[in-house]
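The basis for the numbers below is simple: all heavy atoms, side chains too, and nothing from hydrogens, waters or symmetry mates. From a predicted model like this one, the values you see are computed outputs, not experimental measurements. Naming: A, B, ... by sequence-line order, numbering from 1 per chain.
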There are 2 protein chains.
Amino acid sequence: MTPYSEKDEQIALLAKAMGHPARVAIIRLLLKKQTCICGDIVDELPLSQSTVSQHLKELKEAGLIQGEITGVKTCYCIDESNWEKIGKLFDGLFNTTYKAKSCC
Amino acid sequence: MTPYSEKDEQIALLAKAMGHPARVAIIRLLLKKQTCICGDIVDELPLSQSTVSQHLKELKEAGLIQGEITGVKTCYCIDESNWEKIGKLFDGLFNTTYKAKSCC
DNA sequence: CTTATTAATCGTAATTTTACGATTAATAAG
DNA sequence: CTTATTAATCGTAAAATTACGATTAATAAG
């Protein structure tokens with residue numbers, strides 16, 4: 001269906017999800033802070049509640065984070081089941097030591 | 001000016017550049033193959049010459065690749081001076097071992 | 001039951017991205 | 001000099017993204 005490899009599609013999807021500074025900031029927040037309530041994330045970002053919610057949804061759909069509704073609040077966290085795999089995917093691409101070729 | 005950290009902006013910019021399967025495929029091609037002539041890249045992708053040229057421009061602007069005009073052809077390659085740094089940027093983010101927190 | 005809080009979703013406008021064909025500029029080949 | 005080749009750029013249409021306020025749904029608090 002898609003003319004690209006499964007791996008390339010996967011990396012592109014994940015990279016796209018990380019392709020906005022607000023989403024990078026959210027990921028970093030979830031890696032650092034104890035609290036991961038949606039409202040707390042909204043407070044840390046210069047964006048409206050609805051926009052942050054949209055960014056959270058994108059990160060969730062890409063498999064980077066998980067959201068768990070508890071009562072009236074929603075707690076977000078890094079999706080542990082994918083995190084390591086994602087790290088390795090990027091590692092496999094970016095930490096290929098590049099050797100200069102003849103052409104340039 | 002920007003409300004986000006320099007690092008988050010940098011990562012987002014690079015991730016965005018990798019956020020399309022065609023561009024991931026181009027990077028992988030440049031990592032693997034000897035030849036890096038624009039025309040060869042066009043041949044490997046299911047896209048028109050102008051579209052590939054546009055993707056190459058984006059990768060170049062993000063600092064991921066370099067292009068060198070030699071006669072009537074242009075030879076693209078991984079930007080060695082940035083490659084390692086970029087790998088470390090992503091490594092620093094994705095290879096943070098995530099420890100489950102109390103909240104979810 | 002009523003009201004308040006929280007976060008998702010809807011509707012929408014503005015911007016950006018993606019893709020293409022056509023054109024252009026530059027070098028190479030004849 | 002003329003023609004061919006290569007790749008960048010232009011113009012443009014369609015689609016996707018980003019952001020917001022308003023609304024909704026669900027639980028919590030009174």
Any B/S53 side-chain nitrogen or oxygen under 4.0 Å from OP1 or OP2 of D/dA8: yes
Residue met sooner reading DNA chain C from 5', once B/G19 and A/V42 are mapped to nucleotides: A/V42
Phosphate OP1/OP2 of C/dA19: any B/H20 side-chain N/O under 4.0 Å: yes
Validation row: B/L45, A/Y4 side chains within 4.5 angstrom (heavy atoms): yes
Integer-rounded Å distance: C/dA8 C1' and A/I41 CD1: 14 Å
Rounded distance (Å) that lies between atom P of D/dT17 and atom CE of A/M18: 16 Å
Sub-4.5 Å side-chain heavy-atom contact between A/S48 and A/V52: no
Please set out all donor-acceptor pairs under 3.5 angstrom arising from side-chain atoms of residues 14-23 of chain B, sequence neighbours excluded.
from  : atom 1 : to    : atom 2 : distance (Å)
B/H20 : ND1    : B/A22 : N      : 3.0
B/R23 : NE     : B/A17 : O      : 2.6
B/R23 : NH1    : B/H55 : ND1    : 2.9
B/R23 : NH1    : B/E58 : OE1    : 3.4
B/R23 : NH1    : B/E58 : OE2    : 3.2
B/R23 : NH2    : B/K16 : O      : 3.4

Student check: side-chain heavy atoms of B/R28 and A/I11 closer than 4.5 Å: yes
Whole-Å distance separating the CD atom of A/E61 from the P atom of C/dA8: 12 Å
Nearest-Å distance for atom pair CD/C1', residues A/E68 and C/dA8: 17 Å
d(NZ, A/K73; C1', C/dA7) in whole Å: 11 Å
Per-nucleotide protein contact string for nucleotides 20-30 of chain C (B base, S sugar-phosphate only, - none; heavy atom under 4.0 Å): BBB---BBS--
Beyond-backbone contact of A/K60 with A/Y76, side-chain heavy atoms, under 4.5 angstrom: yes
For atom CG of A/L59 and atom P of C/dA8, their distance in whole Å: 12 Å
Dot-bracket pairing map - DNA chain D, Watson-Crick plus G-U, both contacts under 3.5 Å, | cross-strand: ||||||||||||||||||||||||||||||
Distance, rounded to the nearest Å, where B/K60 contributes NZ and D/dA8 contributes P: 7 Å
Under-4.0 Å side-chain N/O to phosphate OP1/OP2 contact, A/Y76 with C/dA8: yes
Atom-pair distance (OH on A/Y4; C1' on C/dT18), nearest Å: 10 Å
Note, A/L56 side chain near A/I65 side chain (heavy atom, < 4.5 Å): yes
The single option from B/L30, B/I26, B/D79, B/L59 passing side-chain contact (heavy atoms from CB on, under 4.5 Å) against B/L64: B/L59
B/W83 side-chain N/O to A/F94 backbone N/O, donor-acceptor pair under 3.5 Å: yes
Phosphate OP1/OP2 of D/dT17: any A/K16 side-chain N/O under 4.0 Å: yes
Step-by-step side-chain hydrogen bond (donor to acceptor under 3.5 Å, both in side chains) determination, A/S50 to A/S53: CA-CA 5 Å; A/S50 64; A/S53 209; over 6 Å; no
